[in-house]
Amino acid sequence: KGFIHKTTYSLTERGEYLIEYIEGFIRKHKNNEHIFRKVEKTTERYKRYNGTELMQKVYRLVGKCKDVRYREILNRCQVQGRPLQHF
């Protein structure tokens with residue numbers, strides 16, 4: 001509690017401190033290296049877009065779901081009021 005401002009959703013001073021404190025520990029684990037590389041690469045690739053533009057890109061994504069159980073669940077999900085029928 002107290003890590004994020006309730007109105008701006010930005011980190012508080014306490015939240016910033018926590019991030020700085022734990023980041024080193026998380027980055028030290030070899031298993032996390034590839035995750036940080038992917039996150040940094042993705043951040044670099046999409047940093048020029050604002051939130052609305054990113055949402056539109058996500059809405060245009062098409063995926064494949066081979067597992068019938070998950071396909072049924074996804075078909076019931078909606079994005080902008082439309083079913084995800086392309087799954």
Side-chain angles (χ1 to χ4, degrees):
K1 190 171 180 172
F3 298 107
I4 299 175
H5 289 286
K6 291 180 181 179
T7 55
T8 64
Y9 301 106
S10 59
L11 292 173
T12 62
E13 200 172 311
R14 185 176 179 199
E16 290 282 351
Y17 173 78
L18 179 65
I19 295 294
E20 288 176 21
Y21 181 76
I22 65 171
E23 184 179 7
F25 294 109
I26 295 171
R27 283 188 180 267
K28 284 181 184 175
H29 290 283
K30 273 194 154 194
N31 295 338
N32 293 338
E33 289 177 12
H34 72 282
I35 294 170
F36 277 100
R37 280 196 304 274
K38 285 182 181 183
V39 168
E40 288 163 358
K41 182 179 176 183
T42 302
T43 302
E44 184 63 30
R45 182 175 179 186
Y46 292 102
K47 70 180 181 183
R48 66 181 182 194
Y49 299 104
N50 66 34
T52 302
E53 292 168 329
L54 284 173
M55 285 173 38
Q56 292 304 316
K57 285 187 162 300
V58 169
Y59 293 150
R60 289 191 298 266
L61 291 176
V62 176
K64 301 265 188 257
C65 184
K66 294 179 182 178
D67 190 317
V68 175
R69 294 169 296 169
Y70 294 120
R71 192 176 317 131
E72 290 172 6
I73 293 168
L74 290 171
N75 283 337
R76 287 187 296 234
C77 295
Q78 294 189 0
V79 173
Q80 288 188 330
R82 294 181 301 226
L84 296 175
Q85 295 173 348
H86 56 265
F87 282 94

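Position 1 is the first residue of the sequence, and the numbers go up from there.
- Residues that satisfy the side chain to side chain contact (heavy atoms under 4.5 Å, CB included) test with S10, not counting sequence neighbours, are H5, T8.
- Between the NZ atom of K57 and the OG1 atom of T52 there is a distance of 13.5 Å, given to the nearest 0.5 Å.
- Not counting sequence neighbours, the partners of E40 by the side-chain hydrogen bond (donor to acceptor under 3.5 Å, both in side chains) test are R27.
- Under the ring-ring contact (aromatic ring centres under 6.0 Å, His included) criterion, Y9 pairs with no residue at all, not counting sequence neighbours.
- A tilted orientation is assigned to the rings of Y46 and Y49, their planes being inclined by 30° to 60°.
- In this structure, E44 contributes its side chain and K41 its backbone to no donor-acceptor pair below 3.5 Å.
- In this structure, F36 places its CZ atom where more than 12 heavy-atom neighbours from other residues, nucleotides or ligands lie under 6.0 Å away.
- For the atom pair CG (N50) and CE (M55), the distance works out to 10.0 Å, reported to the nearest 0.5 Å.
- Residues L11 and I19 approach most closely at CD1-CG1, 3.9 Å, considering heavy atoms.
- F25 and H29 get closest at one heavy-atom pair: O-CD2, 3.2 Å.
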